[in-house]
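So the structure is just underneath, and the comments pick up after that.
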Amino acid sequence: MFPVVEGRPMREQLRFLHLNTLQLSKLLQENVPSYNKEPGFEQFKVSERSHRNWIRLYLEENNSEVVFNLGAKVRRQYLDALRTLKLSLSRRVAQYDVYSMAVGTVLVLEALVLLLLSVPQALSSRAELDVPLLSPVCSLLFYLLLLALAALHVVVCTAADSSCYLCGLPWLAAGGVMTLIAALLCAGMSALTRVFAGGKCLSQVGLAFQNPPQSTSRWSELDLLSFLGTVGHVLSLGASSFIEEEHQTWYFLVNTLCLALCHQIYRKCLLGDDCAPQHCPHTGEEFDGVAVALQGKRAGPEGWELSRAPADPSSLEALRGSERWMVLASPWLVLACCRLLRSLNQTGVQWAHRPDLGHWLTSSDHKAELSVLAALSLTMIFVLVQKRCSLTSKVAMAFGLLGIYCYRAAIGNVLFPWQQDNKDISKGITEARFVYVFVLGILFTGTKDLLKSQIIAADFTARTVGLWEIHSGLVLLATLLLRPHNLPVLVLSLAIQTIMAQFIWRPLRHDVAEVTVMHYWFGQAFFYFQGNSNSIATVDISAGFVGLDAYMEIPAMFLTAFATYSGPVLWASHLVNFLTSEASSGSALSHACFCYALICSIPVSVYIILVTSLRYHLFIWSVFSPKLLYEGMHLLITAAVCIFFTAMDQTNTKS
């Protein structure tokens with residue numbers, strides 16, 4: 001900004017220009033290996049030599065016209081060097097590895113297309129996900145594609161100005177990438193051929209529509225809401241403002257979901273709607289209608305049904321008076337909890353500066369109130385979690401929650417009733433490790449029960465108790481890692497899970513796809529209820545050091561990731577528990593795993609395409625790039641969840 005210093009003496013002008021040019025030249029040296037060949041760097045060196053000559057002349061003749069003219073020449077040289085350096089650095093910043101980005105995008109899209117084409121098989125009664133890779137790999141098309149991709153890779157990597165990531169890989173690794181692309185493309189074409197050229201699929205669709213008592217071709221309100229909500233969320237990722245305020249999108253979807261549930265409950269309870277789902281077929285009956293699987297209807301295969309429901313789901317007359325009123329009030333209770341949670345943590349960009357309940361609780365003047373709230377929250381967590389645990393896990397949970405309060409008191413977040421000040425503040429390492437022992441103990445007990453259920457085939461109780469104890473161990477770990485003012489978030493999350501499981505999902509007999517979508521949406525909403533956002537600044541890195549006296553990379557990484565994504569993880573864990581204890585067949589977990597993977601893969605795939613196309617956007621590094629990091633980590637969490645789903649499904653199959 002030369003006009004800022006234009007009125008200064010010539011010596012100061014040249015000094016300022018030299019400092020500014022030196023700064024840009026250092027940036028060029030850090031980012032360009034052959035910086036000494038850049039025109040801007042050469043101009044800078046010429047300007048420095050001219051500046052050195054001007055200083056010698058200035059010291060000899062202070063006021064001559066020759067000194068002024070030479071100074072004006074040096075000034076022009078500096079300004080030309082600044083412009084050239086600026087252009088060189090701008091080109092370097094906007095230079096993207098388009099080849100590697102295109103290869104990654106193609107891989108992601110191929111995987112998404114395979115998931116979409118596998119919907120009829122994955123959502124059938126047998127819940128099979130068969131990706132044909134062997135037969136396409138043995139085809140001529142695969143080798144032709146592999147040859148073409150290898151030729152393209154050679155052409156790109158041998159170009160004069162090529163400096164991409166894939167070209168720097170060993171040929172064996174690059175060949176593996178090309179082989180994967182060709183195999184997935186051939187597998188996708190094979191799956192597409194099976195879907196549209198197979199007469200069996202079309203005949204099953206016709207049979208499904210010819211048998212109205214077993215299926216219905218009409219989408220329910222929740223089906224339509226799930227579809228429109230997913231599409232709307234995906235489309236909103238193309239705008240930077242919607243990414244900054246994505247929490248508003250999930251709050252809106254969750255609130256709309258509660259209203260849709262309220263409408264469904266009132267229609268069935270008060271009006272006796274005859275559009276309610278039909279009774280579930282008996283265990284021995286099977287129906288492989290692909291049209292039913294595609295639409296996810298309740299009257300589909302038995303794996304889609306939840307067994308523990310009232311005898312007459314169309315009117316819910318089997319419920320007693322108090323339970324009936326609880327069913328009617330449950331959506332409004334969930335809405336009230338969500339509204340309370342919105343006031344706890346302001347997140348995003350536009351309203352992040354406004355005071356919220358969390359700031360009020362964390363201030364030093366309200367430490368007594370925070371202590372009371374933390375104690376009540378820990379008590380409620382124990383009440384909500386212990387009901388399905390074994391006696392050993394109940395004792396471990398009680399001592400673990402007591403240790404959490406002692407840990408928070410040791411580091412000065414809360415106070416004991418007899419404590420007047422914070423004189424005895426420590427790192428709380430002993431208290432935190434005390435809690436870790438109980439977390440590992442509860443997880444070990446749950447794993448032992450799961451292994452026991454595999455050995456004893458008829459021991460259904462051991463499996464359900466083991467899964468709930470694993471869920472309880474995760475809840476205890478989240479309680480330790482979350483800050484004290486966020487403990488009500490965990491309490492209300494457990495309360496909403498209890499309300500919806502007992503008074504919404506069981507009485508209304510929602511199918512597996514709808515229950516999975518609801519768990520996913522609430523998990524995403526609770527990610528933002530914790531105070532998270534799509535900005536890296538909101539990551540609570542202090543959770544990675546709980547119980548550690550030194551930096552340890554792997555534990556810190558795991559603890560930070562779990563604390564950040566504890567909302568989605570706990571809701572996914574509850575989904576496994578609910579389906580295992582309620583579903584009438586073993587294919588429910590397979591259906592849920594596929595739906596969960598699909599609903600998470602669609603936004604990620606579309607967002608990768610959007611980020612690639614918007615790479616020159618003004619906010620690509622400040623808004624879109626952090627969101628891409630969050631989506632990548634969320635995808636890893638989802639992969640871990642799906643592995644857990646698959647493992648539990650295998651356990652059910654063996655049992």
Side-chain angles (χ1 to χ4, degrees), residues 96 101-102 104-117 119 219-261 294-296 338 342 347-351 513-514 516-529 532-535 538 565 567-568 571 594-635 637-638:
Y96 293 98
M101 294 169 67
T105 304
V106 169
L107 279 173
V108 170
L109 288 179
E110 286 179 341
L112 178 63
V113 170
L114 276 177
L115 278 176
L116 293 174
L117 293 177
V119 167
W219 281 29
S220 68
E221 294 90 342
L222 291 181
D223 295 332
L224 189 61
L225 176 60
S226 302
F227 175 76
L228 293 179
T230 302
V231 172
H233 171 247
V234 169
L235 294 178
S236 70
L237 297 178
S240 60
S241 298
F242 275 94
I243 293 177
E244 292 175 340
E245 307 295 327
E246 188 181 357
H247 60 284
Q248 302 285 1
T249 302
W250 289 111
Y251 295 168
F252 173 79
L253 290 178
V254 168
N255 292 342
T256 308
L257 175 63
C258 292
L259 293 177
L261 291 173
L294 283 169
Q295 295 184 5
C338 292
R342 290 184 62 175
T347 184
V349 174
Q350 295 185 7
W351 294 281
E514 292 174 347
T516 303
V517 170
M518 291 185 212
H519 276 84
Y520 178 81
W521 281 16
F522 273 100
Q524 291 297 104
F526 273 88
F527 173 81
Y528 294 101
F529 283 144
N532 295 318
S533 69
N534 289 323
S535 172
T538 56
Y565 291 92
W571 276 89
F594 182 83
C595 293
Y596 200 90
L598 185 63
I599 198 174
C600 180
S601 301
I602 292 175
V604 175
S605 304
V606 175
Y607 188 70
I608 288 175
I609 300 175
L610 290 173
V611 169
T612 304
S613 60
L614 297 174
R615 61 186 180 275
Y616 296 109
H617 194 279
L618 180 62
F619 300 131
I620 184 63
W621 294 112
S622 59
V623 177
F624 291 97
S625 179
K627 171 63 177 174
L628 185 62
L629 294 177
Y630 273 104
E631 289 295 332
M633 192 64 204
H634 187 209
L635 197 61
I637 299 292
T638 303

Shortest non-hydrogen contact from S226 toward V517: OG-CG1, 3.6 Å
Quick one, V606 and L610 - any side-chain contact, counting heavy atoms below 4.5 Å? yes
Determine whether H247 and S533 make a side-chain contact, defined as any pair of heavy atoms from C-beta on separated by less than 4.5 Å. no
Would K627 and L237 count as a side-chain contact (heavy atoms from CB on, under 4.5 Å) here? Give the steps. CA-CA 9 Å; K627 171 63 177 174; L237 297 178; 4.0 Å; yes
Just so I know, are the side chains of F624 and S240 near enough to count as touching, which here means a heavy-atom distance under 4.5 Å? yes
With rounding to the nearest 0.5 Å, note down the distance linking CD1 in I599 to CH2 in W521. 7.0 Å
Looking at every non-hydrogen atom in both residues, tell me the closest pair between P568 and Y596 and how far apart they are. O-OH, 4.0 Å
Across all chains, not counting sequence neighbours, the side-chain contact (heavy atoms from CB on, under 4.5 Å) partners of S622 are F619
Any chance you could lay out the side-chain contact (heavy atoms from CB on, under 4.5 Å) test for L628 and Y607, step after step, and finish with the verdict? CA-CA 8 Å; L628 185 62; Y607 188 70; 3.9 Å; yes
Could you tell me if the side chain of N255 sits less than 4.5 Å from the side chain of C338, heavy atoms only? yes
Close side-chain approach of L261 to L222, heavy-atom, < 4.5 Å: yes
Judged by modelled atom types alone, do H233 and E246 share a side-chain donor-acceptor pair under 3.5 Å? yes
Shortest non-hydrogen contact from L253 toward G229: CD2-CA, 3.7 Å
Could you walk me through whether V108 and L112 satisfy the side-chain contact (heavy atoms from CB on, under 4.5 Å) test, starting with their C-alpha distance in whole Å, then the side-chain angles of each, then the deciding distance to 0.1 Å, before giving a yes or no? CA-CA 6 Å; V108 170; L112 178 63; 5.5 Å; no
Could you check Q524 against H519 for side-chain contact (heavy atoms from CB on, under 4.5 Å), going step by step and ending with a plain yes or no? CA-CA 9 Å; Q524 291 297 104; H519 276 84; over 6 Å; no
Nearest-0.5 Å distance, CD of residue E631 to CD1 of residue I608: 9.0 Å
What distance separates L635 CG from S605 OG, expressed to the nearest 0.5 Å? 8.0 Å
Does S220 reach the main-chain N or O of D223 with its side chain, forming a donor-acceptor pair under 3.5 Å? yes
Please determine which of V231, L224, L225 meets the side chain to side chain contact (heavy atoms under 4.5 Å, CB included) test together with L228. L224
Quick one: pull up OH in Y520 and OG1 in T638 and give me the separation to the nearest 0.5 Å. 6.5 Å
Minimum heavy-atom separation for F526 and G567, please, with both atom names. CB-CA, 4.3 Å
What are the two closest non-hydrogen atoms of I620 and Y96, and how far apart are they? CG2-OH, 4.0 Å
First locate atom OH of Y630, then atom CG of N532, and finally report the distance between them rounded to the nearest 0.5 Å. 6.0 Å
Distance in Å, L614 CG paired with I609 CD1, rounded so as to fall on 0.5 Å steps: 11.5 Å
Quick one, F594 and L115 - any side-chain contact, counting heavy atoms below 4.5 Å? yes
Can you check whether N534 reaches E244 side chain to side chain, under 4.5 Å on heavy atoms? no
Are any of the side-chain heavy atoms of F529 and Y251 separated by less than 4.5 Å? yes
